[in-house]
Structure formats: structure tokens, C-alpha cells
Protein chains: 2
Amino acid sequence: MATTPQFRRIDLAPAYQKVADAIEREIINGRIKPGEPIGTEQQLVEQFGVNRSTVREGIRVLEEGGLIRRDSSRRLQACLPRYNKLATRLSRALILHEVTFRELFETSMTLEVASVEGAVERATEENVAELADNVERSADVVGNPAGLAELDAEFHVLVAKASQNRVLQLAREPAAQLFFPTTEMIVGGVPEGGARLVEAHRRILDAIRRRDKEAGVLWTRRHLQDWRRGFEKIASLDRSVEHTYMEHAYAARQ
Amino acid sequence: MATTPQFRRIDLAPAYQKVADAIEREIINGRIKPGEPIGTEQQLVEQFGVNRSTVREGIRVLEEGGLIRRDSSRRLQACLPRYNKLATRLSRALILHEVTFRELFETSMTLEVASVEGAVERATEENVAELADNVERSADVVGNPAGLAELDAEFHVLVAKASQNRVLQLAREPAAQLFFPTTEMIVGGVPEGGARLVEAHRRILDAIRRRDKEAGVLWTRRHLQDWRRGFEKIASLDRSVEHTYMEHAYAARQ
DNA sequence: CTTATCGGTTTGTCCGACAAAGCTAGATTT
DNA sequence: AAATCTAGCTTTGTCGGACAAACCGATAAG
């Protein structure tokens, strides 16, 4: 065995992939910082010694991966991947996998409770101010389901932000993106739903202010249970997210 | 104002993006099912009436987004986005955002506990058999940090799978991908670390078997606390994941 | 029945080209 | 002199065509 010559695994990745990988490496290990330019396509052609079409295919890969973007004048520059864009992809994946609202609800319960726990522990004054502003605006649109749903989503993003835990912020995002669009249906379908929602937000904010973890968790649970009760009035928890949305979109179009 | 003609917002998305969007729509709303072929590049050229280079750029976008892949013979086909690939992108994003191990640990604690709770409730016999197999193999390599680290990662994936909650499986993946590579360092650095790890896994499996949620949660917490204690012996929880890995890689190369 | 061979496809890459949009710097106007 | 305009250069997005290598399917040879 020892005398058998060892060959390195032959590299058969297509050129566009290697271009993408090479640029990715430079960004990942910090030699190109977010915001810095990557160079023009022509420059990349010269540096890599491949055709422009090949470079462009590599660029498309990185662009979709969120590692580079084009600035106002369409020049390439490195950027910090936005959670939101990636989260959208994940949400889409969840839909295609036909996950149910029960799975969504269970996971969101876990993550929202964790968020509020973190927020109670570590929210800054600025976080509290943002939340207070949100709650105030919510109270103004309590009769408007669409507006309230949007502010509800924002409220929970702000709570996660207040937890100062970016991993948690990221982890909750895909589920939240699928979860919260239903808020509009529910608030619209349940009398007093809007008022209950704002009340819960107010209590949660208050708990964060007072650093009262127990109250924060309690009201977060109630808030989500409210959602669940409302949801079960209009659809089944065990149907897939996709089907439920399709039907709702269909019903709305009638 | 009323007399001013209203123009529809002119569509200025580049052609490759439109190609990608068009194919994506077909997949999302189920007209092309996972596994079905998309057609050859030439066919797409004819259908969309654009150049092959343009089609190829669109394909790269979808490929990176995980919506299509090339089968063994490099023909295009729709596919279910793999969590793993998307999770890798997210992990990379987390690194670039310089998250700390404290954030990672806190979130993983939440998600792993939720996973084990779900597993205790809903694990099938097949899930249990997979876990048992994993634990057995772990016992065999208890002295081999690299092998044990790999099986540890697998164990936690299997627990999440046993929870029957795909949203949870997905949510834990990005953090896990960053979290578990450290297991090797820790097991290697702490005497009896390997044995403790296997013991914890055995207890968790046992709890799942007996549907004993309290024990499952307890041992999962202990298991992660063990990780944390081990980690703090070799690095600080408050440093960024990136820096810690860089240093470890550097030290390993010496 | 397996293996070898041979076209026809398909992908990956390259070359060259051009219109549209952006940028730059010199020319023009106020 | 400052602001504006304009013409030219650059860069991107798209196109057409080309070719080698890999792959597929079917046929021929062992």
C-alpha cells in the first residue's frame, strides 16, 4: 500500500463554480470586506483567465447566495448576507416540503418564548423605545387587520432584536415569515381579536421593561395560544401551509 | 390628477432574472413537481426566446437557490430545496455577522431541548432504532474525537428528526452546523469527555424510549452544559465564532 | 451476455459583437 | 466662476455562433 502512488482527488468543478468559490473565499476570510468593490467583469476575466460568460455565471451564483450585490450603478461589491433574503428562501423550502401549521406553531412557540426571555434579560432602552413605538402605532390601527398584522410581525422582530441574540433572530425568521401572514385572517375573523393582540403586546412590553421574565413568557404564550384558537376557527392546524394559503388567496379573490 | 394617464410600472428586471422567476413560479405552484425534468438548455432558449447565455445565468440562480439541480447526467430537474444546503448559507451568514458562541449556545439550548421534547412525544420505532444504532457506533469510537464529533452531530439531527417537526429541524440546522464542529476540540481536550458524551446520548435515547420528557430535557441540558464547560476551558464564549475557528485552524496547523 | 464502438445530444467554455445605461471630463452657458 | 450640457469612454446585459468533452443510446464484436 505504501508504495502505491497517491493521487489527489481530481478537481472537476466547472470553471464558473471555481470563480464563485474563489471570490467567496476572499470575502469569507475577510480579504474583501463588505461594501468593498469586487471589480468589473472585465477585470475578473483577466484575473481568472476565463471568458466573461463564465465569470457572469459565477457572479450569478454569488449574487443569489447573498455574498455580493450590485450597487446603485450596478458595480459589484461584497455585502453581508441579509438574513431576510435567506429566510425567504427557507420559507419557500418549508412550503415546498408541505409543513403544517402545527409544526410552525410549535416551533414558533419555542422561539418566541426564547426571544422574550432574552429580551427581558438584555433589552436596551432603545429596544424598549422601539417596542413602545410599535405598540402605540398598533393601538391606532386596531380596527385595521392588514395594518395590525404588519405591526404584529414587526413587534416580534423587535422582541427578537431586543434579545441581542442574532442566531435566535435568524432562527425564528423563516417560521415567522410563514406564521404571521395568517394574523390578518385571524384578527379579521375574530371579534375583539385586534384588541386582545394589542393588549398582549402591551403586557409583553411591560414585562420586558420590568425585567419580569415570568410575565413575559406567560403573555407570549397567551398571545400565541390566542393565535392558535383563532386559526383553528378558520382552518386546520394539520393541513399544509401551502394549501391553506392557496385557499385563502382563492377565497379573497372571489 | 385624474386625467393623468396611469402607466404600469415598467418591468426592468434583466432577462436572466425573468427566466429564473418564470421557472421558479412553475415549481412553486406545483406545475413542475420535484424530480421532473425542466428541459434542456436549448429547449429553454426556444421557449423563452432568449440567448443560451441568458438561460444559463437564470439556471445558475435557481441552482444556487436550491430549486433545481442537475441529475447524474447533468440534465436539469426540479427538486425539493435541501435544508442542508440552505442551512450552510445561513451558517456562513452567521460567521460573517461575527456571532459569538454565547449566542450560538443559548439558541442551541432552546432548540435542542425543543427537539428532544418533540422526540419524546412523537418518536417512531424507526427513529429510536436509528438513534440506538448511532449510540452503539458512538460507543465504539469513544476514543476518537473526530469520529465521535461526527456521530454527535448525527445524533442531534436524529433527535430533531424524531420530533417529526420539519420546521424545528430546519431552524436548528444553521446553529448546529456552527456549534458541533467544536465538539471535536472539546472531546479531545477534556479527559472522560467522550465517555460523558456517550453516556448523555444513552440517557437521552432512554428517555425518548420511555417517553419521559423530564429526563430527556434534563440530560439534554446536562449534555449541552458539558459542552459549554469544555468550551470555556479552551476559548471564550464571547468571542466571535469566526475568530475562534481561525485560531483553532491555525493551532492545528502548527 | 458482456464489451467495444460510433453517432447524436447536451453541457461547459470561448470568442466577438452591440445597444443601453452610467460615468467622466471637457465644452458651453449663465 | 459656478452650474449645466454634451460627447466619449466604460460597463453591463444580451446576442449569435462555435467547439471540445462528456453523456446517451444503439449497434457491432467478442
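Quick caveat: nothing in here was measured; it's all calculated off a predicted structure. Proteins get letters first, then strands, A, B, ... in listed order; numbering begins at 1 in each.
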Write down the protein N/O and nucleotide N/O pairs, taken from nucleotides 15-20 of chain D, whose separation is under 3.5 Å; answer none if there are no such pairs.
from   : atom 1 : to      : atom 2 : distance (Å)
D:dC15 : OP2    : B:Asn51 : N      : 2.8
D:dC15 : OP2    : B:Thr54 : OG1    : 2.9
D:dG16 : N7     : B:Asn51 : ND2    : 2.9
D:dA18 : N6     : B:Arg52 : NH2    : 3.3

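- Taking B:Arg172 as the reference, B:Glu112 meet the side chain to side chain donor-acceptor pair (under 3.5 Å) condition, with sequence neighbours excluded.
- Considering all non-hydrogen atoms of both residues, B:Arg52 and B:Val45 come closest at CA-CG2, 3.5 Å.
- Backbone-only engagement by B:Arg70 is indicated by non-hydrogen atom pairs under 4.0 Å involving sugar-phosphate atoms exclusively.
- B:Phe101 does not carry B:Arg239 over the face of its six-membered ring by the limits of under 6.0 Å from the centre and within 45° of the normal.
- The CD-C1' distance, from A:Gln42 to D:dT10, rounds to 10 Å in whole Å.
- When DNA chain C is scanned 5' to 3' for any atom under 4.0 Å from a heavy atom of chain B, the first and last hits are C:dT10 to C:dT13.
- Atoms NZ and CD, on A:Lys33 and A:Glu26 in that order, are 11.0 Å from each other to the nearest 0.5 Å.
- If you measure from atom CZ of B:Arg75 to atom C1' of D:dG25, you get 11 Å, rounded to the nearest angstrom.
- Here the side chain of A:Thr183 pairs a donor or acceptor atom with the backbone of A:Phe180 at under 3.5 angstrom.
- Toward the 5' end of DNA chain C, the nearer of the two residues A:Gln17 and A:Arg74, judged by each one's closest nucleotide, is A:Gln17.
- More than 12 heavy atoms of other residues, nucleotides or ligands sit less than 6.0 Å from atom CD of B:Gln177.
- Taking atom CG of residue B:Asp71 and atom P of nucleotide D:dC23, one finds them 11 Å apart after rounding to whole Å.
- Counting non-hydrogen atoms of other residues, nucleotides and ligands closer than 6.0 Å to CZ of B:Arg70 gives a total above 12.
- The closest donor-acceptor contact from the side chain of A:Thr54 to the backbone of A:Val50 lies at 3.5 Å or more, if one exists at all.
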